Every structure is written in structure tokens, then in C-alpha cells.
Amino acid sequence: MLYGIVAATTALLLAAVLAALLRAPALRLGLLDRRQRQRRVPLSGGVAVVLATCLVVLAGDRTGFAPLGEGMGTLLAAGAAVAVLGLVADAWRLKTRFLLVGTAVAAACVVPYGDTGVPAGVAAAGWIACVTLAFRALDHADGVAGTVGVVTSFGVAACAAAEVMDGLAVVLSVLAAALTGFLMHNWPPARVALGGCGAMFTGFLLAAAAVTTRAGQDAVTGAGVLFALTAVAVADAALVVLIRRTARRPLLRRGPDHLAHRLRRLGLTPAGVTVGVGAAAFACVLTGTLVHTGLLGVGAVLWVAGGVTVVVLVLWRVRARVPGQGCGGPDARVGREARVGSEARMGREARMGRDVSPRQRSRSRRQPVALVQPPREPVESPLRAPRRMESSQVTGSLRVRNR
């Protein structure tokens with residue numbers, strides 16, 4: 001117990017300090033979230049979470065205070081490999097199919113085939129890969145991915161403790177503490193972002209740990225528990241797929257189609273979105289934990305599935321664009337109307353014989369400063385300069401991370 005408190009405190013402080021220290025190098029290297037023009041958010045928080053988690057867990061194992069146990073070293077190594085893959089994606093924007101294949105290979109190395117069987121083990125590896133990418137997509141707004149990761153880590157750790165998997169419970173507890181330290185810098189408005197590195201590391205560890213805790217038990221109940229533990233990430237992915245398919249847009253084209261974007265459109269503040277998504281994650285994770293321990297029947301998962309369905313369908317009907325943003329917002333429309341009206345007035349004066357000075361002519365073509373703000377030039381990264389990508393903006397205080 002004492003070591004658990006010390007380990008969690010150390011991971012929290014270490015992640016908070018590393019997130020602050022790594023911010024400046026990320027700015028110099030250009031590892032930024034360029035999808036928001038109002039402010040630059042370094043993608044260095046994930047590196048801090050990965051380093052804090054691995055260092056604290058390995059220190060406990062080497063000193064003998066908290067031995068990892070069989071298979072935990074492989075799980076941690078596979079998670080670190082997935083984190084490196086996410087970091088490469090942050091720097092050079094790898095295609096999603098490469099991320100999916102690489103994560104599936106790492107997942108295939110940690111699935112307990114002896115308890116699940118080969119067919120179920122292959123399906124579990126695919127599920128781990130999909131959940132990992134779904135967690136990466138959750139990092140589309142300040143604080144969302146970190147909050148969901150903390151809540152899910154505690155829930156899966158409780159499931160592992162119920163199965164007397166002490167090493168796995170320690171790893172997940174340290175991960176939750178590291179994410180909490182990261183949230184000190186990621187709470188809206190964020191100073192650092194989790195990035196693909198930290199989001200994929202978190203999603204991979206949580207999904208693989210959940211599969212390990214349910215291995216060898218009833219398949220139907222296991223599927224329900226796994227769904228409940230990751231219901232928020234599943235809901236976000238389902239919402240994105242539904243919106244882009246019905247709009248006949250490519251699935252991988254970025255856009256304001258995620259949970260936070262639609263909740264902001266309903267009027268919630270950035271902090272309100274984070275708290276709301278975290279509360280939903282807590283309810284779903286609590287249900288999955290109680291079903292796993294036998295305190296609730298598997299039928300309780302149907303309530304989670306029904307709630308996810310209702311939320312997805314309701315948010316699907318919400319318009320994506322926030323007023324005042326983008327080329328089609330009211331601000332731009334008012335600017336165009338003012339410019340057209342000025343040109344029409346100048347034309348009437350010319351027809352009536354009045355002289356129109358060149359200064360007035362140039363002023364009429366100028367856009368109103370109070371209505372239309374000149375866009376800032378995006379910061380070019382030396383690592384990502386060959387390819388330029390732009391996407392829709394949501395709000396000045398909401399950092400968009402579209403997947």
C-alpha cells in the first residue's frame with residue numbers, strides 16, 4: 001500500500017515536470033497541433049506520460065517493491081513500441097493504415113492465446129488495435145483524452161485487482177497517476193497535448209489490460225465488459241463514421257465530427273465538455289467494473305449500449321460548423337455584404353457624376369477590420385514541411401484534433 005502511494009505520487013509529479021520541460025523542445029522542433037490557428041499546442045505531453053509510466057514501473061520491478069509478474073514486461077514493451085509509432089505519426093503524419101497494422105502486430109504479441117484460443121485471440125488483437133486508434137481520435141479537444149484515460153485506468157485496475165493481477169493493477173495505477181500529472185497542463189486551455197504518442201500508449205495499455213483480465217472467462221460477458229470499459233471511445237468513433245458516411249465524405253478526412261465538436265455546438269464550454277465526457281466515461285466504466293465483479297448482471301451493459309446509441313444519434317443531427325468560424329460563418333458573410341454594399345454605393349455615385357477618389361476606391365475594397373481577422377501563418381515544422389494540411393476550426397479555446 002505504501003509503495004502504491006509513493007509510486008502514484010512519483011508518477012504524477014514526474015509527468016507534470018516532464019510535460020513542462022518538454023514543451024520548449026517540441027516548440028523548437030515544430031511538433032505542434034497546427035489545426036488551431038489561434039494558439040500553438042505542443043504535442044509533447046504523451047512523451048511525458050510514457051516516460052513517467054515506464055520509469056516508475058521499471059523502478060518498482062527492479063527494486064523488488066512491485067514485481068511486474070509474467071507477461072507484464074512484454075505488455076510494457078509493446079506499449080512503448082506503439083508509443084514510438086504514435087510519435088512518428090505526430091512528426092511525419094503516417095497514414096492510418098500503417099498505424100493500424102503496426103498496432104495490430106504489437107497487440108498480437110500480448111494477447112494470451114492460451115486462455116482465449118487462437119480465433120478469439122486474433123479477434124482480441126484486432127479489437128485492441130481499433131480501441132488504440134479510437135483513443136488517439138479522442139485527443140481532439142483539450143482534456144478529453146486524458147480525463148477518459150484516467151477514469152478507464154482506475155476501472156481496469158479494479159478489474160485486475162479483482163482477478164489478483166497485482167502487477168497489472170500497479171501498471172494501470174501508475175498510468176492513471178501519470179495522466180493526472182499531464183492534465184495539469186492539458187486542462188482547457190491546454191498548454192501541451194497528448195498527441196498520438198501518449199494517446200496510443202494509453203489506449204493500447206488499457207485495451208490489452210482489459211483483454212488480459214477477461215481472458216478465459218465467459219465470452220458474452222467479456223464482450224459486454226470490454227464494450228462498457230471503452231464505451232466513450234467507441235461512441236466517438238461511431239459518431240465520426242456515421243457523420244462522414246452519411247455526408248459521403250472520406251472517413252479519414254479531418255472535420256469537426258467528434259464528440260467535443262458537437263457538444264461545443266450545443267453551447268457547452270471547453271471545461272464543460274471535458275467534465276461531461278468524463279462523467280459519461282465514469283458511468284460506463286463503473287458499469288463494466290460491476291459486471292466484471294458479478295455485482296451486476298450482463299444485462300446492465302444494454303443500458304450502456306442504449307445510451308451510446310441515443311447520444312450518437314442526437315449529436316449526429318447537430319450542425320458541425322460553429323458560428324463565426326470558417327469561410328462560411330456569419331462574420332465572413334457580413335464582411336462580404338459590407339464590401340458589396342460599399343461597391344454598389346460607389347457605383348451609384350459614379351453614375352450621378354460624383355468623383356470617386358482612388359483612396360475611396362481602395363478603401364471600399366478593403367475588408368472591415370472588426371469583422372474579418374487576417375489568418376495567421378501556420379508554423380511550419382522542419383519534420384512535417386513537405387506536406388501541408390489544413391482543417392476546419394471549431395473555437396478559439398477548443399483545440400481541434402480530428403481523425
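This is a predicted model, so every value here is computed, not measured.
For the atom pair CG (Leu31) and OG (Ser44), the distance works out to 8.0 Å, reported to the nearest 0.5 Å. In this structure, Leu138 CG and Leu194 CG are separated by 10.0 Å, a value rounded to the nearest 0.5 Å. Here the CG-CD1 distance, from Leu315 to Ile243, works out to 7.5 Å after rounding to the nearest 0.5 Å. Rounding to the nearest 0.5 angstrom, the gap separating the OG1 atom in Thr147 from the CG atom in Leu179 is 9.5 Å. Atom-to-atom distance recorded for Ser173:OG and Asp166:CG is 10.0 Å, nearest 0.5 angstrom. Here the CG-CG distance, from Leu313 to Leu242, works out to 7.0 Å after rounding to the nearest 0.5 Å.
With hydrogens and angles ignored, the 3.5 Å screen pairs no side-chain donor or acceptor of Asp61 with any backbone N or O of Pro67. Here the side chain of His185 pairs a donor or acceptor atom with the backbone of Ala16 at under 3.5 angstrom. At distances below 3.5 Å, not a single donor-acceptor pair connects side-chain atoms of Arg136 with backbone N or O atoms of Ala199. At distances below 3.5 Å, not a single donor-acceptor pair connects side-chain atoms of Thr230 with backbone N or O atoms of Ala233. In this structure a side-chain-to-backbone donor-acceptor pair under 3.5 Å is present from Thr63 to Gly60. Of the possible donor and acceptor atoms, none in the side chain of Asp236 sits under 3.5 Å from a partner among the backbone N and O of His258. In this structure a side-chain-to-backbone donor-acceptor pair under 3.5 Å is missing from Tyr113 to Val122. Using modelled atom types, one side-chain atom of Thr213 and one backbone atom of Ala210 make a donor-acceptor pair closer than 3.5 Å. Within the 3.5 Å criterion, the main-chain N or O of Gly143 finds a donor-acceptor partner in the side chain of Asn186.
Counting heavy atoms from C-beta outward, Leu94 and Val88 have side chains that approach closer than 4.5 Å. For the pair Met165/Thr212, a side-chain contact is recorded, criterion being any heavy-atom separation below 4.5 Å from C-beta on. Looking at Leu43 and Leu32, their side chains never come closer than 4.5 Å, going by heavy atoms from C-beta outward. Counting heavy atoms from C-beta on, the side chains of Phe98 and Leu85 never come closer than 4.5 Å. Annotation: side chain of Val47 is in contact with side chain of Leu87 (closest heavy-atom distance under 4.5 Å). Using a 4.5 Å heavy-atom threshold, the side chains of Leu18 and Phe182 count as separate. Leu206 has its side chain out of reach of Val131: every pair of non-hydrogen atoms, C-beta onward, lies at least 4.5 Å apart. The closest side-chain heavy-atom distance from Phe204 to Val110 is below 4.5 Å.
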Derivation of the side-chain contact (heavy atoms from CB on, under 4.5 Å) call for Thr152 and Thr202 = CA-CA 10 Å; Thr152 309; Thr202 301; over 6 Å; no
key: Audit row: Thr96, Leu251, side-chain contact (heavy atoms from CB on, under 4.5 Å) steps and yes/no   = CA-CA 11 Å; Thr96 304; Leu251 289 178; over 6 Å; no
task = Check the pair Val144, Asp139 against side-chain contact (heavy atoms from CB on, under 4.5 Å), reporting the backbone distance first and the verdict last.
result = CA-CA 6 Å; Val144 172; Asp139 190 34; over 6 Å; no
request  = List the steps, then state whether side-chain contact (heavy atoms from CB on, under 4.5 Å) holds for Val225 with Val301.
outcome  = CA-CA 7 Å; Val225 170; Val301 179; 5.7 Å; no
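Residues Ala106 and Val82 approach most closely at CB-CG2, 3.7 Å, considering heavy atoms. Between Ala48 and Leu22 the shortest heavy-atom distance is N-CD1, 4.1 Å. The two residues Ala209 and Leu168 have their closest heavy-atom pair at CB-CD1, 3.7 Å. Across all non-hydrogen atoms, the minimal contact from Ala178 to Ala15 is O-CB, 3.3 Å. Residue Leu133 comes nearest to Met200 through the heavy atom pair CD2-CE, 4.2 Å, listed as atom of the first residue, atom of the second, then distance. The minimum heavy-atom distance between Leu12 and Thr180, with the atom names listed, is CD1-CG2, 3.8 Å.
No hydrogens or angles considered: a donor-acceptor pair under 3.5 Å links the side chains of Trp316 and Thr246.
Applying the salt bridge (charged side-chain N to carboxylate O under 4.0 Å, His left out) criterion to Arg249, with sequence neighbours excluded, gives Asp257.
Legend: side-chain hydrogen bond (donor to acceptor under 3.5 Å, both in side chains) pairs involving residues 6-23, not counting sequence neighbours: none detected.
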Show me the side-chain donor-acceptor pairs of residues 273-292 shorter than 3.5 Å, one per line, residues at least two apart or across chains.
residue : atom : partner : partner atom : Å
Thr274  : OG1  : Asp142  : O            : 2.9
Thr274  : OG1  : Pro270  : O            : 3.1
Thr287  : OG1  : Ala283  : O            : 2.9
Thr289  : OG1  : Val285  : O            : 2.9
His292  : ND1  : Arg214  : NH1          : 2.9
His292  : NE2  : Cys159  : O            : 3.4
His292  : NE2  : Glu163  : OE2          : 3.1

